[in-house]
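Remember, it's a predicted structure, so these values are computed and weren't measured experimentally. Along the sequence shown, residues are numbered consecutively beginning with 1.
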Amino acid sequence: MSPSPPLAGRRIRAAVIGTGAIARGSHLPALAQLAAEGETEVVAAVDVDADAVGAFCAEGGIPHAYTDLERMLAEQRPDLVTICTPPTLHREQSVAALRAGAWVWCEKPPVPTLADYDAVAAEEGAGSGPYAAIVFQHRFGSGSDHVRRLLAEQAMGRPLVAHCQTTWYRDTAYYAVPWRGRWQTEGGGPAMGHGIHQMDLLLDLLGPWSEVRAMAGRLVHDVETEDVSTALVRFENGAMATIVNSVLSPDEVSRIRIDCEHATVELTHLYGHSNANWQITPARDVPAERAAAWQDFGPDVPSSHLAQLRGLVAAMRAGERPRTSGADGRTSLELISALYKSAFTDVTVKRGEIGPGDPFYTALHGNAPGWTPAAATAVGSTGVCRDMSTGVSPDVSTAESTGVSTAESTGVSTAESTGVSADVSTGSSVGSREVSA
């Protein structure tokens, strides 16, 4: 497609919704880097906390601070809106941005349910956009790009067996925060809030899944959601995989392993990866020259928000649907929904079977006995926003959200790699005052 005329020959005007840790640590630095390259300019930020958004704009050199999303959209007319708010707000804010003609880049989890996702997708433009993409930055970078090519070309033979593991550790103090572990405010347990990145990357590498059989449990924590889940997944290409998502594992690791006919590919990291985190082990009968070619990952580009944002900006200028939008962005949420349905109903779930009329289409707990939340909850939106004003992510501990120096030495910042959304102080598009200009 030809570039949309409004984007030709000028910077892309961006606005940031939510000014917590993920906005400060990942979105704004990525936008600033592209601004330095002449690609973008950040024209506004929105947050329900007037002081927070004022400070965010002052620190980032952003000219307009708002507490009202609709007013910002009407007055600034951004080309791109990046959404860094809790997942329960993503649908409303994404729809508002799309209706205003802005492209959307939304933190994960994308939205709480498949029904919400489809409602957002229905608001996308035809042809050249605007489109809504999800932050799945683990798909991007030189390592994942190289392995994706090898698998697509079947250079190592057919993929046969895979393992996807997100085994992290969260203590009782972590879940003492009132909104954590609740369907209404956190969206789901470790399958949704922690393991979604590795599952999304696995699907991006192996292609469409066909069926899943799963189990889930509350083994330690007093929560509405699960604190551990396991699943068996069959893919359309015949490969079979195991998936483990846990917040009960003191030896923390994020791992993907894929056994092909002629080699094993393994990714081992925690919150982000570079070339050094990938290992390819050839079978004993593979010629040395062939195996050596597989090891050439090229210049090291770590997984990051910046790596994904580059691709999104290129898609905007080309008027093309970006990766992680539409059906491509929906696939991991559909697998997670099916995982929960299988675990809570003790059945094998096929891809495509969860749709309108299925209780798991509109709620990840599916109103299943033993998993349905209480009708009344003591945590409202005001309490959530107040608690989130600390900027600490529900995916990472305070130490993790601030301890970026170790990760920086490898070129992968903790903030860039987590892709957490529910860590910010903003929420609804309330208020009507622009708090700084």
Side-chain angles (χ1 to χ4, degrees), residues 14-32 42 44-62 64-69 72 81-90 92-94 97 104-112 134-135 137 170 174 177-180 182 185-187 193-194 196-197 271-272 304-306 309 379-404 407 413-431 435-436:
V16 180
I17 314 304
T19 61
I22 201 67
R24 293 174 179 274
S26 299
H27 286 246
L28 192 56
L31 288 164
V42 183
V46 183
D47 197 295
V48 293
D49 186 326
D51 292 337
V53 71
F56 182 82
C57 289
E59 294 166 10
I62 301 169
H64 302 287
Y66 289 84
T67 56
D68 184 280
L69 174 59
M72 185 280 292
V81 166
T82 76
I83 297 179
C84 309
T85 55
T88 52
L89 301 169
H90 289 175
E92 175 187 359
Q93 293 171 341
S94 296
V104 172
W105 193 35
C106 181
E107 271 296 338
K108 71 86 187 164
V111 283
I134 309 305
V135 177
Q137 79 276 12
R170 301 293 179 263
Y174 174 88
V177 177
W179 53 266
R180 286 181 175 149
R182 295 175 181 267
T185 48
E186 197 168 13
H194 300 77
I196 189 171
H197 272 304
Y271 300 126
S304 68
H305 283 67
L306 176 60
L309 184 58
V379 181
S381 59
T382 302
V384 172
C385 291
R386 182 180 301 113
D387 183 74
M388 291 177 180
S389 65
T390 59
V392 177
S393 159
D395 287 28
V396 293
S397 68
T398 302
E400 289 160 0
S401 65
T402 58
V404 297
S413 77
T414 302
E416 286 178 340
S417 61
T418 55
V420 181
S421 62
D423 61 351
V424 293
S425 59
T426 188
S428 62
S429 53
V430 297
V435 295
S436 68

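Under the side-chain contact (heavy atoms from CB on, under 4.5 Å) criterion, S94 pairs with I83, V104, C106, V120, not counting sequence neighbours. Applying the side-chain contact (heavy atoms from CB on, under 4.5 Å) rule to L309 yields the partners A30, L31, L34, L80, W105, L312, V313; only residues at least two apart in sequence or on another chain are considered.
Nearest approach of S304 to Q137, heavy atoms of both residues: O-CB, 3.3 Å. Heavy atoms only, all atoms of each residue included: G18 and A23 are closest at O-CB, 3.1 Å. V16 approaches C84 most closely through the heavy-atom pair CG1-SG, 4.3 Å. Minimum heavy-atom separation, G193 to P109: CA-CG, 4.5 Å.
Put simply, the side chain of T19 reaches to within 4.5 Å of the side chain of V53, judged on heavy atoms. Taking the side chain as every heavy atom from C-beta outward, V135 and K108 never approach each other to under 4.5 Å. L28 has its side chain within reach of V42: a pair of non-hydrogen atoms, C-beta onward, lies under 4.5 Å apart. When side chains are defined from C-beta on, R170 does not count as touching R180, because their heavy atoms never get closer than 4.5 Å. At least one side-chain heavy atom of I17 sits less than 4.5 Å from a side-chain heavy atom of M72. Put simply, the side chain of F56 does not reach to within 4.5 Å of the side chain of D47, judged on heavy atoms.
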Check the pair H90 / E107 against side chain to side chain donor-acceptor pair (under 3.5 Å), numbers first and verdict last. CA-CA 8 Å; H90 289 175; E107 271 296 338; over 6 Å; no

What verdict does the side chain to side chain contact (heavy atoms under 4.5 Å, CB included) test give for H305 and I22, after you've listed the backbone C-alpha separation in whole Å, the side-chain angles of each residue and the deciding distance to 0.1 Å? CA-CA 10 Å; H305 283 67; I22 201 67; 4.3 Å; yes

